[in-house]
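To start, the structure itself, in C-alpha cells.
Each chain gets a letter, A, B and so on, in the order its sequence line appears, and its residues count up from 1.
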Amino acid sequence: MNKQDTAKGSEPMVQIKNLSKWYGDFQVLYNINVQINEGDCVVICGPSGSGKSTLLRCVNGLEDFREGDVIVEGVSVKEVSHNRGIYKLRSKIGMVFQHFELYPHLTALQNITLAPRKVSKVPGQETEKIAMELLERVGIPEQARKHPGEMSGGQQQRVAIARALAMKPDILLFDEPTSALDPEMIRDVLEVMVNLAKEGITMLVVTHEMGFARAVADGIIFMDEGKIVEQGDVESFFKNPASERAKDFVDRVLVHI
Amino acid sequence: MAFDWDVIWRNKYLFLGGLSVTLKLFVLALAGGLPLGIILGLGSLSSRRWLYYPTRAYVNFIRNIPLILVVFWVYFSLPLISGRSLGPFTSAVVAFVIFEATYFCEIIRAGFQSVSKGQIQSAYSTGLTYFQMVRYVLIPIAIRRVIPSLLTQGIVILQDTSLAYVIGLREFVRTAAIVDSREVRPLELYSFVAIVFLVLCLVGSLVVRRLEARDRQRV
C-alpha cells in the first residue's frame with residue numbers, strides 16, 4: 001500500500017494514552033493505548049457495549065474522560081476540553097454518526113455549508129460551490145435542495161459524510177455508519193468510505209463491516225468490555241486471532257459474511 | 001328592545017385606539033416574553049446548578065401565581081421600591097413579559113428536549129461553538145416543533161391583555177366599558193368586543209393549523 005509513503009513526520013496523528021473513563025462508578029474504558037499514523041485507516045470492532053463508540057467520542061472531546069489523554073496533531077484533548085481550543089480541534093476532526101444526525105430544517109446543501117460559513121467564515125457562494133463538489137463526490141448532487149426527511153437513509157448518510165468533509169478535516173471518525181441502513185444502501189456508503197480511505201485521509205472507523213476492514217484498513221482494534229483485547233494487522237487478526245474472545249468474534253462475523 | 005349597532009360606528013376612533021393599545025401590548029408581550037422564555041428554557045436544561053436552580057425557582061414561582069397578582073405587583077408595589085411609577089401601559093408590558101416568559105419557557109424546553117443528542121453532537125463535531133449550536137441548530141429545530149403550542153399560547157396572551165383593565169389601561173375592553181358608561185348599550189358593545197376577539201383568535205388558529213400541516217412534512 002502506498003499510504004505509508006504519504007505519511008509525513010514521525011509524530012502519530014492521534015495518540016490515545018492510558019485512557020480510562022467511568023460513568024459514575026462504572027468503568028467503561030480501561031487504560032486504552034492507540035496510535036494512528038497520518039493516512040491510516042483503523043477499524044475498531046467488538047461486541048456492542050464494549051466501549052467502541054465511547055472511545056471514538058473521546059477523540060474529539062464529545063465525551064470527557066478521567067484518566068489519560070488523547071493527543072490529536074500534538075494538541076492535548078484534555079487540556080483544550082475546558083476552553084475554546086476544543087472548538088478548533090473539532091473543526092479539524094470530521095465525524096459521521098450511526099443515525100446520520102442531519103439538521104432536519106436545512107437542505108442537504110445547507111447542512112454541508114453551515115460549519116464552513118459559521119466556523120471558517122467562508123463566504124456563502126464559495127461554500128455552496130465546495131458543497132456541490134462534495135455532493136458530486138458522494139454521488140448525490142441531485143439531492144442538493146432536498147431536506148433530510150425527503151431522502152433515503154443511504155442518501156442522508158452520504159450527505160452526512162459530505163458535511164463532515166466540508167471543514168477539510170485531517171481526521172474522520174465513523175461511528176457505525178452503516179448499522180442503521182437497509183442492506184441495499186450499505187454498499188453506496190461503503191463505496192464512499194473506501195474511496196476516502198484510498199485517498200489517504202486518516203480514518204478511525206467503528207464498524208461491523210469486516211469486508212470493509214479487509215479491503216482498506218491498515219490496522220484493526222478489537223475491544224471487549226472496555227478493554228483493547230487485540231490490535232494489529234488486519235489479515236493476521238482474521239487468520240490467527242490470539243485470544244479466545246477475538247476468535248469467537250471472528251468466527252461469528254465471518255460466518256455472517 | 002331595539003338594537004343600536006350604530007353605537008360602535010359612532011365611537012369608532014375610541015375603539016380603534018383601544019384595539020391598538022391591546023395589539024401593542026400583545027406584540028410587546030410576545031417580543032419580550034419569547035426571547036426571555038428561550039433564555040429560561042436554556043437555563044432549565046443547564047447542567048450548571050447556579051443557572052438551573054434560580055431559573056426553575058423563577059419559572060415555578062411565577063407559573064403558580066395568578067397573572068393579575070403579577071400585574072398588581074408591578075403596578076402598585078414596584079413604585080414603592082423603585083420610587084417611581086411606570087404608568088399602566090409599561091407596567092402591563094413588564095408584567096406580561098415576566099409572566100408569559102415562564103409559559104414560553106415550558107413550551108420551548110419541551111422543544112429543546114425533542115432535539116436529539118446526536119444532532120447537537122454532530123453540530124459540535126463540525127466545530128460549532130455552544131452559542132452557534134444553540135443559534136443555528138437547537139433553536140431552529142426546537143421552535144419549529146413547538147410552533148403550534150407557541151401560537152396557542154399567543155392566543156391566550158391576546159385574551160390575557162384584557163386583564164390590564166384593572167390597572168386602568170385603556171385597552172379594548174376598557175374602551176367598551178367607557179363607551180358603555182356614556183351610551184348604556186352593554187349588549188351591543190360587549191358583543192362587539194367579543195366578536196373582535198373571536199375573529200382575531202380564529203385567524204390565529206387558522207395560522208396554527210396551516211403551520212402544523214407544513215411542519216409535519218419537514219421536522
Side-chain angles (χ1 to χ4, degrees), chain A residues 53 56-57 59-63 81 83-107 110-121 146-150 156 159-169 171-176 180, chain B residues 34-35 38 41-42 45-52 107-151 207-208 210-219:
Chain A
S53 296
L56 203 64
R57 277 153 213 266
V59 174
N60 64 353
L62 287 180
E63 295 269 4
S81 66
N83 62 50
R84 298 185 66 84
I86 192 70
Y87 298 128
K88 192 169 172 233
L89 183 91
R90 283 183 186 140
S91 71
K92 302 308 289 172
I93 307 173
M95 185 158 183
V96 177
F97 296 78
Q98 182 177 358
H99 297 287
F100 333 132
E101 310 299 357
L102 295 177
Y103 315 128
H105 61 299
L106 301 178
T107 62
Q110 290 166 332
N111 262 278
I112 300 167
T113 58
L114 180 68
R117 275 192 297 130
K118 300 305 172 189
V119 178
S120 315
K121 317 278 185 205
K146 285 196 186 160
H147 283 81
E150 301 164 307
Q156 288 188 55
V159 173
I161 294 173
R163 176 177 66 179
L165 288 170
M167 292 296 290
K168 299 190 172 68
I171 303 156
L172 276 179
L173 308 176
F174 289 84
D175 186 9
E176 303 203 26
Chain B
L34 196 55
I38 290 173
L42 287 172
L45 294 176
S46 177
S47 54
R48 298 190 175 102
R49 284 158 181 236
W50 57 270
L51 262 173
Y52 175 82
I107 293 169
I108 287 161
R109 182 167 72 132
F112 285 159
Q113 281 169 332
S114 80
V115 179
S116 78
K117 211 180 154 202
Q119 277 162 348
I120 293 168
Q121 289 192 337
S122 72
Y124 279 142
S125 77
T126 58
L128 260 59
T129 65
Y130 172 76
F131 285 106
Q132 287 172 330
M133 183 280 290
V134 168
R135 163 79 181 77
Y136 299 110
V137 178
L138 191 60
I139 289 178
I141 298 176
I143 294 276
R144 273 176 176 76
R145 289 195 179 142
V146 296
I147 274 178
S149 310
L150 289 177
L151 282 170
V207 174
V208 174
R210 296 260 316 254
L211 282 170
E212 263 180 314
R214 197 204 67 177
D215 223 43
R216 223 169 284 135
Q217 300 169 341
R218 196 151 291 167
V219 182

Worksheet item: Heavy atoms, side chains only, cut-off 4.5 Å: are B/Ser125 and A/Arg90 in contact?
Response: no
Discussion item. Which atoms of B/Ser116 are under 4.5 Å from chain A, going by heavy atoms: the side chain, the backbone, both sets, or neither?
Written reply: side chain
Item to complete: Taking all non-hydrogen atoms of both residues into account, name the closest pair between B/Gln119 and A/Tyr103 and its distance.
Response: O-CE2, 4.0 Å
Practice prompt. Counting only heavy atoms closer than 4.5 Å, note whether A/Met167 contacts chain B via side chain, backbone, both or neither.
Written response: side chain
Fill in: Beyond-backbone contact of A/Pro104 with B/Ile141, side-chain heavy atoms, under 4.5 angstrom
yes
Fill in: Engaged part of A/Leu173 at the chain B interface, taking heavy atoms whose separation is under 4.5 Å
neither
Worksheet, complete the sentence: Between A/His105 and B/Tyr136, the two heavy atoms sitting closest are NE2-O, 3.2 Å
Worksheet item: B/Ser122 pairs by side-chain contact (heavy atoms from CB on, under 4.5 Å) with which of A/Glu101, A/Met95, A/His99?
Response: A/Glu101
Worksheet entry | Any donor-acceptor pair under 3.5 Å from A/Tyr87 side chain to B/Thr126 backbone | no
Practice prompt. Would you indicate whether the side-chain heavy atoms of A/Leu106 and B/Val137 approach each other to under 4.5 Å?
Written response: no
Worksheet item: With a 4.5 Å heavy-atom cut-off, do A/Arg57 and B/Gln121 have their side chains touching?
Response: yes
Worksheet item: Do A/Leu114 and B/Leu128 come within less than 4.5 Å of each other through their side chains, counting heavy atoms only?
Response: yes
